[in-house]
Amino acid sequence: MKYIVCEKPGEFILKEKEAPVRKENEALLQINKVGICGTDLHAYGGNQAFFSYPRILGHELASTVLEIGENPRGIKAGDNVVIMPYVSCGTCIACRNGKTNCCTNIKVLGVHTDGGMQEQITVPTSILLPANNLSDDQMAIVEPLAIGAHAIRRAAIVPGETVAVVGCGPIGIGIMKLAQIAGAKVIAIDMNEQRLAYAKEKIGVDYIVKAGENTVEEITKITNGDLCTAVFDASGHKGALETCPNYMSHGGRFVLVGLSKGELTYSHPAIHAKEMTLMCSRNATTEDFEHVISILDQFPTESYISHNVPYTEMIANFDSWLNPATGVIKATVDFKLK
């Protein structure tokens, strides 16, 4: 079977190997489509923390079951399935408390272990969810949307509140739509006017604000001086992360979804005066995946997937997806060639 491996930063190679053999409590899957995420871009660029090469990337996956044994969800050969790519240990303190998304020994497909940029893969049956009602495109975007769903659930968004989402990339866009579905008014913040236009026209956010010197002033006007009861950072940019509390109301919540490698600095008096709740949001749980699957009919999948190529053309196109000028929101790769 064919597979694509990132041999080292800046180098993909299309190779061939024997198809995997299913073990007990595993399923053999055909990979239909792979979504490209920020982790893949960073790994290719050589700036992904705790990453080793060579590595088969890919954890946003649409797949069909080829072989499977008995399992609690009743999944059978021929079924479409969504893969939850976080393999948790089940025994650590986080897992025992139901927080499998931040397992102390977590292994993420395509990051810590080889992922889905291959025609077939074997995975534990425990990380599969039935998805016969979804298309390949929909299955491939469940994981990034589940990350947004987890952040929304962490923040306990309630109808009527006004939230800000910083970063109109794939994760930020998901947070915006899911916040709307939860009943919130949404302010989208970004420096990229093209992405702000997408958030307004396709996601239908209530307000867009271009990031800059006047951001706080604009949010103050929009909210009649209240600011936002919840602020989500989906950029991972140090400057944005350190500025976000300025957009937050007194008594508000700041949710860090994007990841910055370095240290962050805040004025303690400023955040203390607001009694700020600061929380991080990492990965997602089964509950988040199931929620996304249940609301996908409300999400603009067709426009969200802005670029798509067969795996035979991925290597030639990958560099262009690093360039914001190409207008890429979500790129996907077809492994099931027609």
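This structure is a prediction, so every number in the text was calculated from the model and none was measured.
In Lys238, the NZ atom is crowded: over 12 heavy atoms of neighbouring residues, nucleotides or ligands sit closer than 6.0 Å. Within a 6.0 Å radius of CD in Glu313, more than 12 heavy atoms belonging to other residues, nucleotides or ligands are found. More than 12 non-hydrogen atoms from other residues, nucleotides or ligands lie less than 6.0 angstrom from CD of Gln298. For His307, the NE2 atom sits in a packed shell: over 12 heavy atoms of surrounding residues, nucleotides or ligands are nearer than 6.0 Å.
Using a 4.5 Å heavy-atom cutoff, the side chains of Ile187 and Val163 are not in contact. The shortest side-chain heavy-atom distance between Val123 and Leu29 falls under the 4.5 Å cut-off. In this structure, the side chains of Val231 and Pro245 stay at 4.5 Å or more apart for every pair of heavy atoms. Using a 4.5 Å cut-off on side-chain heavy atoms (C-beta onward), Gln118 and Ile4 make no contact. Counting heavy atoms from C-beta outward, Ser281 and Arg154 have side chains that approach closer than 4.5 Å. No side-chain heavy atom of Thr100 sits less than 4.5 Å from a side-chain heavy atom of Thr286. Counting only heavy atoms from C-beta outward, the side chains of Lys17 and Tyr3 approach each other to under 4.5 Å. Ile305 places a side-chain heavy atom less than 4.5 Å from the side chain of Thr301.
Side-chain contact of Asn246 with Thr243: a donor-acceptor pair under 3.5 Å is absent, judged by distance alone. Side chain to side chain, Ser235 and Asp233 meet the donor-acceptor criterion of an N or O pair below 3.5 Å. Side chains of Ser63 and Asn32: a donor-acceptor N/O pair is absent below 3.5 angstrom, by distance only. Side-chain N/O atoms of Tyr198 and Ser303 include a donor and acceptor closer than 3.5 Å.
Pro85 approaches Phe289 most closely through the heavy-atom pair CD-CZ, 3.9 Å. Annotation for Ala188 and Ala199: closest pair CB-CB, 4.1 Å, computed over non-hydrogen atoms. Nearest heavy atom pair, residue His59 against residue Cys37, reads CE1-SG, 3.1 Å. Gly115 and Ile121 get closest at one heavy-atom pair: O-CD1, 3.5 Å. Taking all atoms of both residues into account, the shortest heavy-atom contact from Gln194 to Pro324 is OE1-O, 4.2 Å. Across every non-hydrogen atom of Ala149 and His291, the tightest pair is CB-CD2, 4.2 Å.
Under the 4.0 Å criterion applied to side-chain N and carboxylate O atoms, Glu26 and Lys23 are not assigned as salt-bridge partners. Contact check on Lys210 versus Asp190 returns no salt bridge, with no Lys/Arg side-chain nitrogen under 4.0 Å from an Asp/Glu carboxylate oxygen. We find that Glu119 and Lys2 are not joined by a salt bridge, their nearest charged nitrogen and carboxylate oxygen being 4.0 Å or further apart. Note on Lys15 versus Glu7: salt bridge recorded, some NZ/NE/NH1/NH2 to OD/OE distance being below 4.0 Å. Remark: Arg153 engages Glu287 in a salt bridge, criterion side-chain N to carboxylate O under 4.0 Å. Here Lys33 pairs with Asp334 in a salt bridge; the nearest charged N to carboxylate O distance falls below 4.0 Å.
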> Can Ile75 and Thr125 be said to form a side-chain contact (heavy atoms from CB on, under 4.5 Å), step by step?
Replying inline: CA-CA 9 Å; Ile75 298 169; Thr125 56; over 6 Å; no
>> Run Arg253 and Glu161 through salt bridge (Lys or Arg N to Asp or Glu O under 4.0 Å) and show every step you take.
In response: CA-CA 12 Å; Arg253 296 95 78 202; Glu161 64 179 311; 2.9 Å; yes
>> Show, in sequence, the C-alpha distance, side-chain angles and deciding distance for Glu290 and Leu129, and conclude whether the side-chain contact (heavy atoms from CB on, under 4.5 Å) test is met.
In response: CA-CA 8 Å; Glu290 290 175 340; Leu129 290 174; 4.1 Å; yes
>> Go through it in stages, so that I can follow the logic: the residues are Thr220 and Tyr247, the test is side-chain contact (heavy atoms from CB on, under 4.5 Å), and I'd like the CA-CA distance, side-chain angles, deciding distance and then a yes or no.
In response: CA-CA 8 Å; Thr220 300; Tyr247 313 149; over 6 Å; no
> Stepwise, does the side-chain contact (heavy atoms from CB on, under 4.5 Å) test hold for Lys99 with Ile93?
Replying inline: CA-CA 8 Å; Lys99 295 182 178 291; Ile93 181 64; over 6 Å; no
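Under the 4.5 Å side-chain heavy-atom criterion for ILVMFWY residues, no single connected hydrophobic cluster contains both Ile31 and Met1. Hydrophobic cluster membership is shared by Ile219 and Tyr207, with clusters built from Ile, Leu, Val, Met, Phe, Trp and Tyr side chains linked at under 4.5 angstrom. Transitive grouping of hydrophobic side chains (ILVMFWY, heavy atoms separated by less than 4.5 Å) brings Val111 and Leu109 into a common cluster. Following chains of ILVMFWY side-chain contacts shorter than 4.5 Å, one cannot reach Val209 starting from Ile173, and the two form parts of different hydrophobic clusters. The cluster map of Ile, Leu, Val, Met, Phe, Trp and Tyr, joined by side-chain heavy atoms under 4.5 Å apart, puts Leu322 and Leu57 in the same cluster.
The main-chain N or O of Ser306 is never found under 3.5 Å from a side-chain atom of Lys330 such that the two would form a donor-acceptor pair. Side chain of Arg73 to main chain of Leu128: a donor-acceptor pair is present (N/O by atom type, distance under 3.5 Å, no hydrogens or angles). The main-chain N or O of Glu217 is never found under 3.5 Å from a side-chain atom of Asn214 such that the two would form a donor-acceptor pair. Not a single donor-acceptor pair under 3.5 Å links the side chain of Asn323 to the backbone N or O of Thr326. In this structure, Asn283 contributes its side chain and Asn101 its backbone to a donor-acceptor pair below 3.5 Å. Checking side-chain atoms of Gln120 against main-chain N and O of Leu28 turns up no donor-acceptor pair under 3.5 Å. In this structure a side-chain-to-backbone donor-acceptor pair under 3.5 Å is present from Asn132 to Asn80. Side-chain N or O atoms of Arg96 include one that pairs as donor or acceptor with a backbone N or O of Thr91 at under 3.5 Å. A donor-acceptor contact shorter than 3.5 Å links the side chain of Asp79 to the backbone of Lys76. Side chain of Arg55 to backbone of His112: a donor-acceptor contact under 3.5 angstrom is found.
Atoms CG and CG, from Leu241 and Leu264 in turn, are 5.5 Å apart once rounded to the nearest 0.5 Å. Rounding to the nearest 0.5 angstrom, the gap separating the CZ atom in Arg282 from the OH atom in Tyr86 is 10.0 Å. Put simply, CG on Asn133 and CD on Gln138 are 7.5 Å apart, with the number rounded to the nearest 0.5 Å. In this structure, the separation between CG on Leu41 and CG on Asp319 is 10.5 Å, given to the nearest 0.5 Å. To the nearest 0.5 Å, atom SG of residue Cys168 and atom CE of residue Met176 are 3.5 Å apart. A distance of 5.5 Å separates CD1 in Ile141 from CG in Leu296, rounded to the nearest 0.5 Å.
Tested against Val186, the residues Leu178, Thr162, Val165 include a single side chain to side chain contact (heavy atoms under 4.5 Å, CB included) partner, Val165.
A parallel orientation is assigned to the rings of Tyr44 and Phe12, their planes being inclined by less than 30° (bins at 30° and 60°). Ring orientation note: the planes of Phe299 and Tyr304 are nearly perpendicular, at an angle over 60° on the 30°/60° scale.
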